[in-house]
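These values consider heavy atoms only, across backbone and side chains, with no hydrogens, waters or symmetry-generated copies. The sequence lines fix the lettering, A, B, ..., with proteins before strands; numbering per chain opens at 1.
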Amino acid sequence: MLDLKLLQNSFDEVAKKLRKKGVKEEILAELKRLFVVLKEQRAKLENLQAQKNEKSKLFPLYKKEGKDVASLKDELDKIKERIGFEQKIVDELEDELAIYALNIPNIPDDEVPVGNDEEDNVEIKKVLTPREFDFKPKEHWELAENLDWIDFKRGVKLAKSRFSVLKNGAAKLERALINYMLDFNTKRGFKEVCVPYIVNKESMKGTGQLPKFEEDLFKIEDEELYLIPTAEVPLTNLYRDEILKDDELPILMTGYTACFRKEAGSAGRDTRGMIRQHQFDKVELVSITKPEHSDEVFDKMVECASDLLTTLGLPHRLVMLCGGDLGFGAAKTIDLEVWLPGQGKYREISSVSNTRDFQARRAKIRYKEGKKNRLVHTLNGSSLAVGRTLIAIMENYQQKDGTITIPEVLKEYL
RNA sequence: CGGGAGAUGUCAGAGCGGUUGAAUGUGCCGGUCUUGAAAACCGGUGAGGGUAACACCUCCGGGGGUUCGAAUCCCCCUCUCCCGGCCA
């Protein structure tokens, strides 16, 4: 959630920044107006409440002195009536404000490039050079079918389209990758955490999936529960509604979970193969830091994901997302795109974001600095999407005869 | 799923329906004492909003209700613990 006070105090500046993310100025103006009106209305209400409290305190005194309380009661009834009236207005304003406020995306950092979509993202650097093939490299689904590694048809039979089944080498490789990634991250100081794959509404609200993106989530019928779209949700919400101690920070976590996404709105995209599934495995990094350390931790997380790809021998590049391509909660995002020789393209395999205090404000994650409570910064990043890593290994390590060699670092995990 | 108990500040734990936002202990911070520390003693210490700072308002799991007034009474929900059933 954006800082309403900041919006009120420096409207032009905030509006300018949010324009980068495509937010309409009318909405911001309305938000600001509501905020001011609500403040006035609250003052009115609180004034009456103060009167009520004042009068109520007279009762014991009157009784002691044996005075009649009937007129006092009358007076209070009148005040109460007015309170009820003003309260209703406050409630309505609050609801209205909440709807607006919860649907405004995060303010992008200054360094975020202007742009509308992924075309305008800015490449930061390339790591490792793609291998030269002396044959035409195949796409992963073709390799998978020949090796009997991935069963797309039966995945669909079991659930629906965009589900698949891993078999043989793919199944083993998937498991090896998860273990390798977790170990790798742990060595870099991220503590391993294993969390639920199902969370409640409050958690989804805390990280920003709700209320705006309900249609992307799988919801459990008859329950206010959802399948997580990323481990970012449970990992970040671990500390929802908590005030952390100064010396607990930073908290660096890594965890493996399955992720579930409806992929609404991506009909027709990546329908072939395993790039875009309703269920996929991901090893995630989540950090909770003091504001002054979040940039440093952000770099560390990007480096961690990039080094992971490097040790796996996978060529990739780092891309800074432009304003238009930035996710709802992110102030800044760097995507890691892995080289897929079969497609002849770099494809997203990891995304590291700093949400600054956006999620912290929603989820009320604070820490104590001296006597004051301050909002933390939260960061998240994939380290890496496991299925896509599997694909990348298949395509990059394929041999002329259709077999696949295994990256050196994974051998001890198989 | 059935039976019982409970949900209060960092934690533990009080709280006849009325100056109780909350006793007491503990933890933490500051001070006195000490070469230093411990002990002892003194002071401070919940959250959110609001304010220049006060004032003031809200919050005792969540939501309703009774009352002039509710942490305290009533109803619903959620969660936790104990007992039983079922089960990886």
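Spacing between B/rU20 and B/rC60 at atom C1', rounded to whole Å, works out to 11 Å. Distance check on atom C1': B/rU8 versus B/rG62 gives 15 Å, rounded to whole Å. Comparing the C1' positions of B/rU72 and B/rA22 gives a spacing of 12 Å, expressed to the nearest Å. The gap from the P atom of B/rU78 to that of B/rG63 amounts to 15 Å, rounded to the nearest Å. Rounded to whole Å, the separation between the P atoms of B/rA7 and B/rC16 comes to 13 Å. Using atom P as the reference point in both B/rC86 and B/rG13, the two lie 33 Å apart (nearest Å). One C1' atom belongs to B/rC75, the other to B/rA23, and the distance between them is 30 Å to the nearest Å. Taking atom P on both nucleotides, B/rA47 is separated from B/rA14 by 24 Å, rounded to a whole Å.
Relative orientation of the A/F163 and A/H278 rings is tilted, given thresholds of 30° and 60° on the angle between their planes.
Look at NZ on A/K372: it is 11 Å from P on B/rA47, rounded to the nearest Å. Rounding to whole angstrom units, CZ of residue A/R366 and C1' of B/rU10 are separated by 14 Å. Per the geometry, NZ belonging to A/K39 stands 12 Å off P belonging to B/rG49, to the nearest Å. Taking atom NZ on A/K245 and atom C1' on B/rG46, their separation rounds to 14 Å, with Å as the unit. We find that CD of A/Q8 is positioned 9 Å from P of B/rG50, with the value rounded to whole Å. Summarising the geometry, the separation between CD1 on A/I243 and P on B/rC11 is reported as 10 Å, rounded to the nearest angstrom.
Shown here, B/rG6 forms a base pair with B/rC79; the pair counts as Watson-Crick or G-U wobble because both key distances fall under 3.5 Å. With a cut-off of 3.5 Å on both Watson-Crick or G-U wobble distances, the partner of B/rC87 is given as none. Under the Watson-Crick or G-U wobble criterion, with both distances below 3.5 Å, B/rU67 is left unpaired in every strand shown. Pairing partner, B/rG43: B/rC29, with both Watson-Crick or wobble hydrogen-bond distances short of 3.5 Å. Both distances falling under 3.5 Å, in either a Watson-Crick or a G-U wobble arrangement, occur for no nucleotide opposite B/rA38. When Watson-Crick and G-U wobble pairs are counted only if both distances are under 3.5 Å, B/rA22 pairs with no nucleotide at all.
Tested against A/L318 for a side chain to side chain contact (heavy atoms under 4.5 Å, CB included), the candidates A/V122, A/V352, A/D335, A/I334 yield a single pass: A/I334.
Put simply, A/K368 has no side-chain N or O that comes within less than 4.0 Å of OP1 or OP2 on B/rU45. Taking side-chain N and O atoms only, A/K364 has no distance below 4.0 Å to OP1 or OP2 of B/rA47.
As judged by a 4.0 angstrom heavy-atom cut-off over every strand, A/K44 is placed among residues making no nucleic acid contact.
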Note to self: Protein within reach of the bases, or only the backbone? For nucleotides 55-81 of chain B, mark each nucleotide 5' to 3' as B, S or -, using heavy atoms under 4.0 Å.
What the structure shows: -SBS---------BS------------

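Remark: A/D247 engages no residue in a salt bridge (charged side-chain N to carboxylate O under 4.0 Å, His left out) (not counting sequence neighbours).
Remark on RNA chain B: of its neighbouring residues A/F35 and A/N373, the 5'-side contact belongs to A/N373, judged by nearest-heavy-atom nucleotide.
In summary, A/K262 and A/E215 do not engage in a salt bridge, as defined by a charged side-chain N under 4.0 Å from a carboxylate O. Electrostatic pairing of A/E284 and A/K282 counts as a salt bridge here, judged by a charged N lying under 4.0 Å from a carboxylate O. A salt bridge links A/D109 to A/R356: one of the charged nitrogens lies within less than 4.0 Å of a carboxylate oxygen. Between A/K290 and A/E296, no side-chain nitrogen of the basic residue sits less than 4.0 Å from a carboxylate oxygen of the acidic one, so the salt-bridge criterion is not met. Checked for salt-bridge contact, A/E263 and A/R162 miss the test: no charged N lies under 4.0 Å from a carboxylate O. One finds a salt bridge joining A/K55 and A/E75 here, because a Lys/Arg side-chain nitrogen approaches an Asp/Glu carboxylate oxygen to under 4.0 Å.
You'll find the side chain of A/L321 stays beyond 4.5 Å of the side chain of A/E118, heavy atoms only.
More than 12 heavy atoms of other shown residues, nucleotides or ligands fall within 6.0 angstrom of atom CD in A/Q399.
Listed in residue order, the members of residues 87-97 of chain A having a heavy atom less than 4.0 Å from RNA chain B come to none.
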